[in-house]
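Before any comments, here is the structure.
In each ligand, atom 1 is the first atom listed, and ligand 1 is the first ligand listed.
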Amino acid sequence: MTTVLTRSIAEAAEFIRSGGIVAFPTETVYGLGADVFNVDAVARIFEAKQRPPDNPLIAHISERGQIELLAAEISIDASALIEAFFPGPLTLVVPKTSRVPLIATAGLETIGVRMPSAKLAREFLKACGTPVAAPSANLSGRPSPTTWQAVLEDLDGRIDCILQGEATDHGLESTVVDCTIMPPVILRLGSLSIEALRSMVPEIGIHRQDAALPPRSPGLRYKHYAPNARVVLVDSPSEIGADTGSAYIGLTEPVGEFAETMVCGSVEDYAHTVFAFFRKCDKAGIDTIYCQMVSESGIGAALMDRLRRAASH
Ligand code: TXA
Ligand code: MG
């Protein structure tokens, strides 16, 4: 299969309308989309990404009016979060309608719903005329793609089309909140901060997986966000000895020489660049990436979550 690269929203949306699978940019990361109601197209997403079939997909909408196609019920807390944060980097898990095929939700009776804020994403979703199921557009287990080039690296020849846009704004995935329970709980930290969520629903909790129970957010069980290189977390680059074969990313300028170095101006910058940096290091064959830890407020909490996951593989 040839993967068509295009900047035309109409051309990319036509692939979705005819049952194809298309990568497109959002404000978080690039997604790999299919019509959520088309069982064969959704199956192709799992195949192209080599995604385990028990990992559910997020349905993306272009306007709030589409929520009722997907959600059988919206709690008061869910409504408050929709009011405050749609469109934006937030996914709400809600009971699904019978119309949503079980393949999209990996057999669950719930569905993740998200309305992206990126202009290109909104226009593309509108042109598709249907909610679009989309996981991140990487091969399963690789860092999420923040540029169309990263999508091409993983999925060239495996998908119908890539809608080419700019590098994504946030660089980390959306925050996933389970609204099927009271009070809601955060299943995955992400680009929308805990502080922002709690300003609307103060009692929101953070899910801690009990190893004895089935995972509430199946995706978090899998190797995720990790480069091939070994990731080592450090408080400060002064802890690292001379190591010209490895790489460093952080907020503080290191003293020594590294094969690849990325000094970020802010935690937001760090979050925005980290996955692209991991991919660059993999291409360069780096075996160890030192990552400076950051304080866990704002997007720092999600960044530390991804760094810890990357370091534990
Ligand atoms: O920012 C994002 O969320 C990006 C863009 C493309 O929107 N998408 C994304 O999708 O990161 P994905 O599939 O890579 O991650 C979705 C996460 C997984 O951890 C999955 O298990 C969880 O959301 N999830 C999806 N539906 C769920 C559901 N019904 N119940 C619990 N967890 C769910
Ligand atoms: Mg993903």
Side-chain angles (χ1 to χ4, degrees), residues 21-34 36 42 45-46 48-62 70-72 85-97 100-118 120-122 124-125 131-146 150-151 154-155 163 165 168-181 184-192 207 209 214-226 271 275 299 302 305-306 309:
I21 55 176
V22 175
F24 64 99
T26 79
E27 69 278 18
T28 57
V29 299
Y30 274 69
L32 174 60
V36 72
V42 173
I45 291 182
F46 284 91
K49 276 188 59 107
Q50 296 170 334
R51 183 177 177 99
D54 60 354
N55 193 0
L57 307 180
I58 295 170
H60 295 68
I61 57 176
S62 60
L70 303 165
F85 301 115
F86 273 26
L90 172 66
T91 297
L92 298 181
V93 172
V94 294
K96 78 172 193 69
T97 57
V100 175
L102 285 168
I103 185 173
T105 64
L108 298 175
E109 287 301 332
T110 59
I111 177 124
V113 180
R114 161 158 137 74
M115 180 168 159
S117 60
L120 196 54
R122 296 280 297 283
F124 167 69
L125 291 168
V132 169
S136 52
N138 50 285
L139 281 174
S140 215
R142 299 217 62 211
S144 294
T146 55
V151 177
D154 277 14
L155 299 177
L163 176 59
T168 61
D169 283 345
H170 298 302
L172 298 182
E173 302 83 353
S174 65
T175 306
V176 179
V177 177
D178 185 348
C179 291
T180 63
I181 48 168
V185 292
I186 298 174
L187 298 179
R188 177 179 73 179
L189 296 172
S191 286
L192 186 68
H207 176 61
Q209 182 62 47
R216 279 260 274 292
S217 184
L220 298 184
R221 189 176 43 214
Y222 296 106
K223 171 173 180 262
H224 240 123
Y225 320 113
F275 287 150
I299 201 170
D305 170 78
R306 302 304 187 271
R309 286 176 199 281

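Among the atoms of S136, some N or O lies under 3.5 angstrom from an N or O of ligand 1. Note: no N/O pair closer than 3.5 Å links T91 and ligand 1 by distance alone. Of the polar atoms of E173, none of the N or O atoms is found under 3.5 Å from an N or O of ligand 1, judged by distance alone. At a 3.5 angstrom cut-off on N or O pairs, R114 counts as close to ligand 1. Considering backbone and side-chain N/O atoms, T28 comes within less than 3.5 Å of an N/O atom of ligand 1.
Metal site remark for the Mg ion (ligand 2): S144 contributes no N, O or S atom at a distance under 2.8 Å.
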Test I21 against L32 for side-chain contact (heavy atoms from CB on, under 4.5 Å), laying out the working first.
CA-CA 7 Å; I21 55 176; L32 174 60; 4.2 Å; yes
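Using modelled atom types and a 3.5 Å distance limit, the side chains of S117 and E27 yield a donor-acceptor pair.
In H207, neither the side chain nor the backbone holds a heavy atom less than 4.0 Å from any atom of ligand 1. When non-hydrogen atoms are compared, ligand 1 lies under 4.0 Å from the side chain of V93 (C-beta onward) but not from its backbone.
Contact check for V42 versus L57: side-chain heavy atoms found under the 4.5 Å cut-off.
Annotation for ligand 1: atoms under 4.0 Å from non-hydrogen atoms of V176 are 23 (O). Listed by number with element, the atoms of ligand 1 under 4.0 angstrom from any heavy atom of N55 are 18 (C), 20 (C), 21 (O).
In this structure, CZ on R142 lies 10.0 Å from CG on L155, to the nearest 0.5 angstrom.
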